[in-house]
Amino acid sequence: MVMKVHGSVLSTAAMRVLIALNEKGLEFEFVPVDMRAGEHKKEHFLALNPFGQVPAFEDGDLKLFESRAITQYIAHVYEDKGTPLVCEGKPMATVVVWMEVEAHQFDPVGSKLQWELLLKPMFGMATDAAVVEENEAKLAKVLDIYEARLSQSKYLGCDCFTLADLHHLPILTNLMGTHVKKLFDARPKVSAWVADIMARPALAKVLAMRNQQ
Amino acid sequence: MVMKIYGSVNSTETTRVFAALYEKGLPFEFVPVDMRAGEHKEDHFLALNPFGQVPAFEDGDLKLFESRAITRYIAHKYAEKGTPLVYEGKPMAKVSARVEVKVAQESMESKLQCDFMLDRAADAAVIENMMATVNVWTEVEARQFDPVASKLQRELVHRQMFGVAPDAAVFEENGTELTKVLDIYEARLSQSKYLGCDFFTVADLHHLPALTNLMGTPARTLFDARPKVSAWVANLMARPAWVKVLALRNQY
């Protein structure tokens, strides 16, 4: 029985899981959830994720939600397949630190910028310039720390590509299509890291999937 | 060389790490960081955590930050010591050795865990699935509970400490958000003894600092109103390891 991902191609959280599955070359079924129709708040979806958020995930009888729990499950259970998404032969501890950094320091700021600059206009709402400015300043500080880190380590968690890097991809892809890209471009190590991880074939496959739907 | 925790007893993130260390009965050195004096923004601290936040952690040459990365490290590295905080699909031989140590310990919970491990030892996949679910609820604490609980704590506890009146709108909004999360917890705890699985894990432990703070405020009514949640909170807060954390807190 094939793994199922319930979600929306526009959801950064769902994208995170789709990228991981593609990195590992795993077969899966994508089950679109019609968020505009509020499908994610209906009983049959709440049975998969009581928080009414995408994605939800099934592997046989196992039902999971929270994108970063799902990617970790995929990375662990299918560690022999495709790209290793953990640090091979090295302690995971530092990779876990930078996974927490993505979730705790980068994502809140990146999400707000994405909401203001991309999603609000899509829903016909006005961008709040003050919020954008405030969050750009916060992002700049985070990226200064990333610049220092990437001067010591090829990727964020260690010297190979791991979930610590992968988890950034959905929001990065969105922000690099806005004027916020200048914050990334202005920092050489960060800029090179962004170019490197965004050139990965797995991301290209997910974006192709997004463009089809 | 003993593990070092740099932080503040008033920081929920720091006490989260203490809880894990006490659960495992591990020795450690606490190095207080004077946050009022801005010590967490000074170079020597930024060398430990470039984000200038407590806690920071050292185990020999390994330096870590982000409280949930630290607890996870402790849970896995010291898996054989004290309370299991995570579960790993292990082959039978290793489990047997562990069980021998455990049956020497007195707690009923440990015995249940031993029996569980013995029953499931041949089936690493079952344990892996259980751990996958523990990870889900560990994420839930961090992404759903903590943002709301933090805002509420700032409003109710920290402003009280600094003599600033709470912002009524923030309290109302976050009270409603917390209610939604707790309704989901109530449903979950009707199916599972603890949040992640039938045993206490990091998924529960991570809540302790915020729970303790909120139970000392008007927000406690939200927890008291839900029987399963209320029992779970009482259970967690009564854990001897947590009592030790509060005792440590009172020393500073």
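Since we're looking at a predicted model, the values are computed, not measured.
Of the two parts of F65(A), the backbone and the side chain both hold a non-hydrogen atom closer than 4.5 Å to a non-hydrogen atom of chain B. In this structure, the portion of V77(A) lying under 4.5 Å from any heavy atom of chain B is its side chain and not its backbone. For A103(A), the parts lying under 4.5 angstrom from a heavy atom of chain B are both the backbone and the side chain. L46(B) does not touch chain A: none of its heavy atoms, backbone or side chain, sits under 4.5 Å away. For V140(B), the parts lying under 4.5 angstrom from a heavy atom of chain A are both the backbone and the side chain.
When each of V101(A), D144(A), D107(A), D61(A) is scored by its heavy-atom pairs under 4.5 Å with chain B, the top score falls to V101(A). Of the listed residues (S67(B), A187(B), P50(B), P147(B)), the greatest number of heavy-atom pairs within a distance under 4.5 Å of chain A belongs to P50(B). Across V97(A), V96(A), D59(A), L64(A), the residue that shares the most heavy-atom pairs under 4.5 angstrom with chain B is V97(A). Taking chain A as the reference chain and counting heavy-atom pairs below 4.5 Å, the highest number among M131(B), Q53(B), K63(B) is found for Q53(B). When R68(A), Q105(A), M92(A) are compared by the number of non-hydrogen pairs under 4.5 Å with chain B, Q105(A) comes out ahead.
In this structure, the ring of Y6(B) has its center no less than 6.0 angstrom from the ring center of F30(B). The aromatic ring centroids of H40(A) and F51(A) lie 6.0 Å or more from each other. Between F57(B) and Y73(B), the ring centre distance stays below 6.0 Å.
The salt bridge (Lys or Arg N to Asp or Glu O under 4.0 Å) test with R16(A) is passed by exactly one of E102(A), E66(A), E23(A): E102(A).
Remark: K138(A) engages E134(A) in a salt bridge, criterion side-chain N to carboxylate O under 4.0 Å. Between D204(B) and K193(B), none of the side-chain N atoms (NZ, or NE/NH1/NH2) sits under 4.0 Å from a carboxylate O, so this pair counts as no salt bridge.
Judged purely by atom type and a 3.5 angstrom limit, T127(A) has no side-chain atom pairing as donor or acceptor with the backbone of A129(A).
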